[in-house]
Amino acid sequence: MVYYYFYMAPIILILFAIISMILIPFMNKKWIMGISSTGIFISLLLSMYVIITDNRSFYTSSDFFTISYYTYLFFMLFSFIGLFSSLSLRNVKERDVSIYYILIPFSLMAMYFAISSNNLISLFVSFEAASISTYALAGMPKEKRTLEASIKYFVIGALSSGIILLGISYYYISTDTFSIISVNGVNNFSLYILSLVLLLVGFGFKLSLFPFHNWAVDTYTGARATVSSLLSTASKIMALIIMINIFFNIQYMKTPYSSHIHFTTNGILYILFIIISILTMFYGNITALMQRDVKRMLAYSSIANAGYMAMIFSLLYYDSYKTFIPLIYLVIFIFSLAYVIMKGGSFLAMENFEAYSKSTTLDDLSGLSKRSPILAISFTVLLFSLAGIPPTLGFMGKFYLFYTLVENNFWWLALIGVINSAISVYYYFRVVMYMYWKEPRVEIKKDTLLEMVVLLMAILAVIIGILTPYIYSIMG
Amino acid sequence: MIQLWMVLFLSTLYFSIGIMGILVARGGIKLLMSVEIIINAANINILAWALNINDSNGIFFVLLSIAIAAAESVIGFAILVSLHRKGKGINLAKLTDLRW
């Protein structure tokens, strides 16, 4: 039993940190910051230990949760970005401190439970816990801008949770159970298909796929940059992992309406996913070309990245889709590791401008190399990584994703991905050009800690990028 | 005797009313009410089916989802109150700072 408790340690530790922060009264700012950051840091180290010992046999399952090696793989990413976004919060008012530093670990814990759920009950509850805490985080320094971002996020989030709940109810009616992994049979096919489509739409809102993306841009732009670094990475990856858990684990079967070989439930879903991912990529990249605000550009590029992520669902085409699960987890892990480091790092770089000049247009960034060379070079590396220039991590993430698609006969989808990647180079390089070849227009105070965080992200993007083939070979 | 299609019809009606409310309403409070209606539409479905097949999981889940809906509207009201304190009221059509 001791064995199991040890593997549960990361999450129990975060739980203790949250409870102690809530229950112990009259804690001052430093104590709350210390407990929260230390709790997240130690659970990051422990989950890294679980991964490095590579204990694939560790696997425990109940009616509600399946906790395994892969859960910790993604929880490590969440706590990584949670740690750095809580470290780089600057100018926090005394009265807001407890809200930030309790809500961040709370949302991380909820995300952990959401990605480990194998039952729609526990999945919905933990998904909502993660969403609700991020609604509050998005509106956090209570200004007009952030509150507007927060209310838009809240309305769309509440709508999406209603849609998810309706999908769950149809799933329950058609299969008599809430479980994802053990379905005994389907008694109503049309309701079953409808429920899967509703679940796709509901989680698609969270992942900001194309027709459901509108909230994302306003929220990432309006919310504080550190909060958007958490929202655009951790909460998005959570939605992606939930969708993988659902759509690659449930049973698909032929519909009674047609005898055609691909008129099955997964046949319908994979076409939907391919159409949505192509539209998302093109929409995100083409709209990002027109932005003058760098933070808004990053928000649009995160929509485009959601499109790349959704491409993996084309593997639902094969009847043996369940055999792909370890490969999909591995590929998505490398892609989202790259995504967390480069997108989180770029939003954290924006925090410097947010805190001292209140705007993040290209003019604010012009001539950054003369004012602050370290921030300029590290932001440049992160942008190169986002554009997918080798040998950075962003290239590796895209490479393994496209390689998996090509290997499984989806070369045309991979080609569309490469074209989109080429479009995106333009708007990333425009920022680099402004930073290096334009004269500075506004004076901005330097923040050494933030610079160091962004520099660390840039170094990680290069080093892990070089080591990725090694990581892939030992994990695959 | 209440049939399944009756329950589905009722919940679909509720769901459409809620979606219509979200699309049309501009006041913040109406919006929160519409969200509650959408969540209740799904709750009716789950509860009816749970009673139909005698499954306690469904009833348990409806209780949880009511609690979640309450938590959600608490956060919604909190955001609306802070928005109201910043001036301009809670008419969502007037929130146009963030536009491209």
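Chain A is the first sequence line, chain B the second, and so forth, proteins listed ahead of strands; every chain is numbered from 1. Just so it is clear, the structure is predicted and the values come from calculations on it, not from any experiment. Only this structure's heavy atoms are used, side chains among them; waters, hydrogens and symmetry mates stay out.
Both the backbone and the side chain of B:Ile68 come within contact range of chain A, each with at least one heavy atom under 4.5 Å from a heavy atom of that chain. Of the atoms belonging to B:Ile46, heavy atoms from both backbone and side chain fall under 4.5 Å from chain A. Interface remark: A:Ala129 contributes no atoms to any contact with chain B (heavy atom separation under 4.5 Å). For B:Ile37, no part sits under 4.5 Å from any heavy atom of chain A, backbone or side chain. The contact between B:Ala50 and chain A is made by backbone and side chain atoms together, counting heavy-atom distances below 4.5 Å. Contact of A:Phe178 with chain B is made through the side chain alone, with heavy-atom distances under 4.5 Å. Using a 4.5 Å cut-off between heavy atoms, B:Ile44 makes no contact with chain A at all. For A:Ser131, no part sits under 4.5 Å from any heavy atom of chain B, backbone or side chain. Within the 4.5 angstrom heavy-atom criterion, no atom of A:Ile164 approaches chain B.
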**Asked** What's the verdict on side chain to side chain contact (heavy atoms under 4.5 Å, CB included) for A:Leu165 and B:Ile38, showing C-alpha distance, side-chain angles and the deciding distance?
**Response** CA-CA 9 Å; A:Leu165 198 59; B:Ile38 289 180; over 6 Å; no
**Request:** Please lay out, stage by stage, how A:Tyr172 and B:Asn45 fare under the test side-chain hydrogen bond (donor to acceptor under 3.5 Å, both in side chains).
**Result:** CA-CA 9 Å; A:Tyr172 182 49; B:Asn45 269 345; over 6 Å; no
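Using a distance-only test at 3.5 Å, with no hydrogens or angles considered, no donor-acceptor pair links the side chain of B:Lys86 to the main chain of A:Leu147.
Residues B:Leu64 and A:Ile121 meet the side-chain proximity criterion, which asks for heavy atoms closer than 4.5 Å. Between B:Val7 and A:Ile173 the shortest side-chain heavy-atom distance does not fall below 4.5 Å.
A 6.0 Å sphere centred on OH of A:Tyr135 holds more than 12 heavy atoms belonging to other residues, nucleotides or ligands.
Between atom OG of residue A:Ser169 and atom CG of residue B:Leu47 there is a gap of 11.5 Å, rounded to the nearest 0.5 Å. Here A:Leu159 contributes atom CG and B:Ser34 contributes atom OG; the two are 10.0 Å apart, rounded to the nearest 0.5 Å. To the nearest 0.5 Å, atom CZ of residue A:Phe154 and atom OG of residue B:Ser73 are 7.0 Å apart. Note that CD1 of A:Ile163 and CZ of B:Phe15 are 5.0 Å apart. Values are rounded to the nearest 0.5 Å. Here the CG-NZ distance, from B:Leu83 to A:Lys144, works out to 8.0 Å after rounding to the nearest 0.5 Å. Considering CG of A:Asp176 and CH2 of B:Trp49, their distance stands at 5.5 Å, rounded to 0.5 Å.
Taking chain A as the reference chain and counting heavy-atom pairs below 4.5 Å, the highest number among B:Ile53, B:Asn52, B:Ile39 is found for B:Ile53. Counting heavy-atom pairs closer than 4.5 Å to chain A, the top-ranked of the candidates B:Val35, B:Asn40, B:Val74 is B:Val35.
Of residues 20-33 of chain B, those residues lying under 4.5 Å from chain A by any heavy-atom pair are B:Ile22, B:Leu31, B:Leu32.
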